[in-house]
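Position 1 is the first residue of the sequence, and the numbers go up from there.
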Amino acid sequence: MSPRRLALIPARSGSKGVADKNVREVGGRPLLLRAIDVARAAGLFDTIHLSTDSPAYAELAREAGLEVPFLRPAELARDTSLVADAIADAVERLAAAGQDFDTLTLLEPSSPLRTPEIVREVTLAAESEGFDAAFTVSPVPRHYHPLKQYEIDARGEASFCHPEARPNVNRQELSETFVRNGFCYAVRVASFLETHSIGGKRARAFVTPGPAISIDTEQDLDDARRALES
C-alpha cells in the first residue's frame, strides 16, 4: 500500500522583510498559489494543506480549490515562532480530524523556482530505505568554504571559525560543501513527531540544479522574476 502523503504549505502573514510576501506575484502568480500548483503537479499527495494565520490567505487557497479547515494559532505565527511548531500543530489537528499521514513534505512559498520533479525526488528520497527525511541543497562556492571563514571579535581581531583551518590552503584541497536552499523538505511523520525536526534522524540531500532563490527581500523578488523569464 502506498504511503499517505501530506504536502504542507506554511504561510504566515506577518513577514517584515517583504510585506505580504507569501502572496506577492512571481511569474504572474502569487507565491502561495505557485506552491499549491507545484504540489498538485507532483502528483504524489493525498492532501495539500495550508498552514496560515491569515483569513485572506486561507480564502485565496480555497478559491484555488484547497480545503482550509482551520487557521494557525496566532502564537505560532510570530517572527520568533518555529516552523516545527506550526508543522506539529497542523499534523496533530489533521490527525484529530481523522487524517493521518506517513510522509510530510514542506513547501515554503518563498522558494518559487522549485519544480514538481524536485518535489517528487525529495519526497521519495525521504521514504527510501535507511532514511527518514530528505531536503534540497545547493553547492557553496569554494571561496566561502568553512576553512576560509573568519570570526571577528569586539576589538576587530580575526580568527578562523574552523579549528582545522590554516592561513594557506589550496582550492583543490577543499572538499565540496553544500547549504540547504529551502526548495523542499520531506520527513516521515513518525520521525518528525519523535524528533520535532523536519530533518528527522537520517536525511538524504538532493542537490538541485540551477539557481536557488528564497524570497527575503524585494531584490530576491526581482531576481526570481528574472530567473523565471530567462
Sub-4.5 Å side-chain heavy-atom contact between V207 and S138 = no

Between F206 and F135, ring centroids under 6.0 Å | no

Side-chain contact test, heavy atoms from C-beta onward, threshold under 4.5 Å: evaluate it for L104 versus I198 and give yes or no.
-> yes

Sub-4.5 Å side-chain heavy-atom contact between I9 and H49 = no

Report yes if some heavy atom in the side chain of L107 is under 4.5 Å from a heavy atom in the side chain of L8; otherwise report no.
-> no

Measure centre to centre between the rings of Y150 and H162, then say whether the value is under 6.0 Å.
-> no

Heavy-atom donor-acceptor pair, R114 side chain to F183 backbone, under 3.5 Å | yes

Please check if the side chain of R202 supplies one atom and the backbone of G130 the other of a donor-acceptor pair under 3.5 Å.
-> yes

Residues that R40 engages under salt bridge (Lys or Arg N to Asp or Glu O under 4.0 Å), provided they are two or more places apart | none

Is any side-chain heavy atom of E67 less than 4.5 Å from a side-chain heavy atom of L50?
-> no

Identify which one of R4, R5, R204 satisfies the salt bridge (charged side-chain N to carboxylate O under 4.0 Å, His left out) criterion when paired with E127.
-> R5

So, the side chain of K201 versus the backbone of D132: is there a donor-acceptor pair under 3.5 Å, distance only?
-> no

Sub-4.5 Å side-chain heavy-atom contact between P10 and P109 | yes

Quick one: does T103's side chain get under 4.5 Å of L6's, heavy atoms only?
-> no

Over 12 non-hydrogen atoms of neighbours within 6.0 angstrom of CZ in R180 | no

Checking H145 side chain against S175 main chain: does a donor-acceptor pair fall under 3.5 Å?
-> yes

Under 3.5 Å side-chain donor-acceptor pair for S81 and E75 = no

Indicate whether the side chain of T208 and that of N181 have a donor and an acceptor atom separated by less than 3.5 Å.
-> yes

State yes or no: do L71 and V23 share one hydrophobic cluster built from I, L, V, M, F, W and Y residues joined by side-chain heavy-atom distances below 4.5 Å, directly or via other members?
-> no

Does atom CD of E25 have more than 12 heavy-atom neighbours from other groups under 6.0 Å away?
-> yes

So D89 and R93, salt bridge (Lys or Arg N to Asp or Glu O under 4.0 Å) or not? Walk me through it.
-> CA-CA 6 Å; D89 171 72; R93 294 172 75 173; 3.6 Å; yes

Going from CG on D220 to OG on S110, what distance comes out if it is rounded to the nearest 0.5 angstrom?
-> 9.5 Å

Correct closest heavy-atom pair for A64 and L33 would be CB-CD2, 3.8 Å

Using 4.0 Å as the upper bound for N to carboxylate O, is an ion pair formed by D20 and R24?
-> no

Charged N to carboxylate O under 4.0 angstrom, R188 versus D102?
-> no

Is it possible for you to say whether L44 and F192 belong to one hydrophobic cluster, with membership spreading through side-chain heavy-atom contacts below 4.5 Å?
-> no

Backbone of D53 reached by a side-chain donor or acceptor of S13 within 3.5 Å | no

Establish, from distance only, whether the side-chain atoms of S51 and R72 form a donor-acceptor pair under 3.5 Å.
-> yes

Less than 4.0 Å between a side-chain N and a carboxylate O, is that true for D79 and R12?
-> yes

In the single-linkage hydrophobic clustering (I, L, V, M, F, W, Y; side-chain heavy atoms under 4.5 Å), do F70 and V83 co-cluster?
-> yes

Does atom CD of E164 have more than 12 heavy-atom neighbours, drawn from other residues, nucleotides or ligands, at distances under 6.0 Å?
-> no

Are any of the side-chain heavy atoms of E151 and F160 separated by less than 4.5 Å?
-> no

Out of I118, V119, L124, which residue meets the side chain to side chain contact (heavy atoms under 4.5 Å, CB included) rule with V122?
-> I118

In terms of side-chain geometry, is the basic nitrogen of R34 or D37 positioned less than 4.0 Å from the acidic oxygen of its partner?
-> no

